[in-house]
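Because the structure is predicted, anything quoted here is derived from the model rather than measured. Residue numbers start from 1 in every chain, and the chains themselves are labelled A, B, ... in the order their sequence lines are given, proteins ahead of strands.
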Amino acid sequence: MASTAGTAPVTTAPASDDSSRRRGLTGYVLLVPGVVWLALFFVIPFYSLVATSLYDPGGSVFSGYEMSYQFSNYWHAIQDYWEPLLRSLWYAGLATLICLVLGYVLAYAIAFKAGRWKNLMLVLVIAPFFTSFLVRTLSWKLILADGGLIVNSLQAVHLLGPDGRLLATPFAVICGIVYNFLPFMVLPLFASIDKIDHRLIEASSDLYANPFVGFWKVTWPLSLPGVVSGTLLTFIPAAGDYINAQLLGSPNQRMVGNVIQNLFTQANDYPAAGALSMILMILIVAMVLFYVRRAGTEELL
Amino acid sequence: MTGLTRRGLLHGGGAVAFAGVSLAALKLPLFGVSGAKQVPADCRATDLSDTEKKVIVSNWPAYIDPRKKSTSTASVFTERTGIEVDYTDDINDNAEFFAKVKNQLGSCQTINRDMIIMTDWMAARMIGLGWIQPLDADKIPNVHKNLIEPLRNRQWDKDLKFHAPWQAGLTGIAYNAAKVPEVKSFEELLTRSDLKGRMTLLSEMRDTMAFMLRVVGADPDKFTDAEWSKAIDRLQEVVASGQVRSFTGNEYIQDLAAGNIVACEAWSGDVIQAQFDNPDIKFVTPEEGLSLWADNMMVPNLAEHQANAEAWMNYYYEPEVAAKLAAWVNYICPVEGAKQEMEKIDPSLVDNKLIFPDNEDLVDAFDFMPLTDQQSQQYEGDFNDVIVG
């Protein structure tokens, strides 16, 4: 306020000064719920997770855990579980790519071609959320069942051997992830594509760009914010997902989420579970930062 | 006026927050966890049973006859004793329930329950942690008199000082007779090529590893580290070969019914219930032996109505009541004499070996040896590493 004194005519009456200060305070008061929320549900759990990952691995529920800054927990976790860790990133990456292709086509169609069906189609994209994640994943078990229609048809055309199956394969797991996270890709893509001014695309063809070139030079760059947020919203939860691998995969498709869950609940190995959670988090944050840098859309974050 | 600008204050706030967080970082040891072991005698509540006529029971779903009916076992109990039963079926999984009550029981706080029902190994673990109150033998004479022989002398509580079995069951093999020939042994389950990728094992470490130990010629009642390694290596091989489709909890039964799997390691009660819909599903007790387990009633620390809980235990060990319960839940009835009572209720169930097995059959049933804290940590870890691939 002092800095603006020179430019603005200083005729503030004491009363209005008072009210502006009160207004100033209101801002902070309004911040309180958010800050409390973050402290309670992010900062404290986060620190407890950091602490857990550094516990003395010799501890147990019986004897308790001592905090001994065991950074070697991280190294051991990587040594023991690098396979599911890489597998998670691979599955999540592949699923994100498939989601991007499917989602882009769908979002493009809804934004530009759906006409008066636009709202209905958007509702249909969200509709699966009306039932629970678990139920929808379980129904994929029915779709891909060994004696089911899809497997039988594929066997009839000899794309699958007579003993072939789809369930309990990487295919089923990736299908599940793609299906479950597709809406997270479609919605941000739609928001971006819907905003594109149609006249820009027309202009590109007026300037003799064929549709292909027009798409890559105009539509794609303009939809980039949607692509970036869509891929992030898909990739991050997909990398940590464990439901799809649990229900649709076999032990040879386990992802890092399964390992963490089992370490916490079954094996009671809290330090390893904590370290693995931290590694996953660090990996994802690093990849996201790198990705956002490369995509040149820092303003998203 | 050179006052605070909003930006300045935010920066200041940020700095304070950062300092606080750094301080928290230095104080990380605060997050260390002390041991969860308790002494039951120090965590005893005054028994209000005489003044408050109620008992709070936590059990597994579908593990009691429908309570609303006036002739149900629970209603008759209330009618006879005047004790109201506050019953919840909130136990779905041993490990999950353990995680739920760990913080309270581990620091001598009440979980507001008078009775919980846990499977053998978890019961053993909780008793070992000192979370369970000793029972008054004089108040539960029926338990001591009527418990069937095979469930006595469990290594972890030989004199029934802390527990009374609620229902028992067998772990064995289930297969779909319409699709594959009989699977007689665990060895067959692990090696037969027509089962490859179409069979599942249980994700409970003790259930699966007891059989793996038998397969490599060891005794689950008493085995060495070397034998354990041999068993776990064998399991690793089987998993790597793609024989095992998955490690599951109860959900194997849907897969078996849907035909996604043709054989699996299974619990007897699940199979009886599945047989009502699909008679082709068969239960086999493997050649390696019988694995008998029980879910056990126990009184947790700081329970306020222990005497009422004991009255409930005693009541369910009356043969007539036990038969009524067994007719509904279809698990192995742990009460001697219930078989005779069953003649009056439902004669068709009397000869069902999965509800009333002959005691001779159960003689060679094996138990999993009690594990020390370190063993349990190591074995659970080894098993977990195999099942998560």
Chain B contact residues among residues 138-147 of chain A, heavy-atom distance under 4.5 Å: A:K141, A:A145, A:D146
Side chain, backbone, both or neither: which part of B:E251 has a heavy atom under 4.5 Å from chain A? side chain
Residues in salt bridge (Lys or Arg N to Asp or Glu O under 4.0 Å) with A:D241, at least two apart? none
Measure distances from B:D382 to the heavy atoms of chain A and classify the residue's part below 4.5 Å as side chain, backbone, both or neither. neither
Report which part of B:R198 has an atom under 4.5 Å of a heavy atom belonging to chain A: side chain, backbone, both, or neither. side chain
Top residue by heavy-atom pair count (under 4.5 Å) with chain B, among A:L263, A:D56, A:N258, A:L167? A:L167
Quick one: closest heavy-atom pair of B:V239 and A:N252, and the distance? O-ND2, 3.6 Å
Under the side-chain contact (heavy atoms from CB on, under 4.5 Å) test, which residues partner B:N92, sequence neighbours left out? B:P61, B:E96
Non-hydrogen contacts under 4.5 angstrom with chain B: give the residues of residues 264-282 of chain A involved, or none if there are none. A:T265, A:Q266, A:A267, A:N268, A:D269, A:Y270
Mind ranking B:Q377, B:R245, B:K37 by heavy-atom pairs under 4.5 Å with chain A and telling me who comes out on top? B:R245
Looking only at B:G381, B:S376, B:A258, B:G197, most heavy-atom pairs under 4.5 Å shared with chain A are made by B:G197
For A:P251 and B:S246, work out which heavy atoms get closest and say how close. CD-CA, 3.8 Å
B:Y379 versus chain A, the contacting section by heavy-atom distance below 4.5 Å: neither
Distance col, row B:K196:NZ vs A:R165:CZ, nearest 0.5 angstrom, shows 8.5 Å
Heavy-atom count check: over 12 atoms from other residues, nucleotides or ligands less than 6.0 Å from A:F133 CZ? yes
Here the gap from A:Q246 atom CD to B:S203 atom OG, rounded to the nearest 0.5 Å, amounts to 7.5 Å
